Amino acid sequence: VRAKPESQKKTPAKPAKKAKKAAAAPPKPDPALATARERVLELAGAADDAQRRYETAVKNAAEARTILERAEAERAAAHKEARAAHADAEKARRALGRLERS
């Protein structure tokens with residue numbers, strides 16, 4: 001049986017370190033840190049509100065496009081009907097003029 005080289009021999013375990021005692025009094029909170037935390041919360045709330053408004057605006061814009069497309073289709077149909085009615089009226093006037101002349 002071969003002996004282990006020096007580098008592979010187990011070293012004795014180190015004694016465990018004792019836990020440090022808690023400080024007698026908690027450290028004073030830094031007013032700048034508290035102010036910064038409050039500012040972060042305010043900005044996070046403002047960002048959430050802006051995101052909700054953005055999502056509402058996107059939804060409203062999509063609905064507006066749908067309404068606009070329907071209105072445009074209705075306008076085109078009305079224009080087509082109006083042109084046809086004007087053409088029919090013009091034909092009727094011409095027929096009336098021919099009847100009056102004969």
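Computed from a prediction, not measured in an experiment: that's the story for all the values here.
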For Arg83, what residues pass the side-chain contact (heavy atoms from CB on, under 4.5 Å) criterion, not counting sequence neighbours?
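Testing Arg83 for side-chain contact (heavy atoms from CB on, under 4.5 Å), a comparison that skips the adjacent residues, returns His79.
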
Who passes side-chain contact (heavy atoms from CB on, under 4.5 Å) against Glu63, sequence neighbours left out?
Lys59, Asn60

Rounded to the nearest 0.5 Å, what's the gap from CG on Leu96 to CZ on Arg101? Could you check?
9.5 Å

Donor-acceptor contacts, no H, no angles, side chain residues 36-52, under 3.5 Å, sequence neighbours left out:
{"from": "Asp49", "atom 1": "OD1", "to": "Arg52", "atom 2": "NH2", "distance (Å)": "2.4"}
{"from": "Gln51", "atom 1": "NE2", "to": "Glu55", "atom 2": "OE2", "distance (Å)": "3.1"}

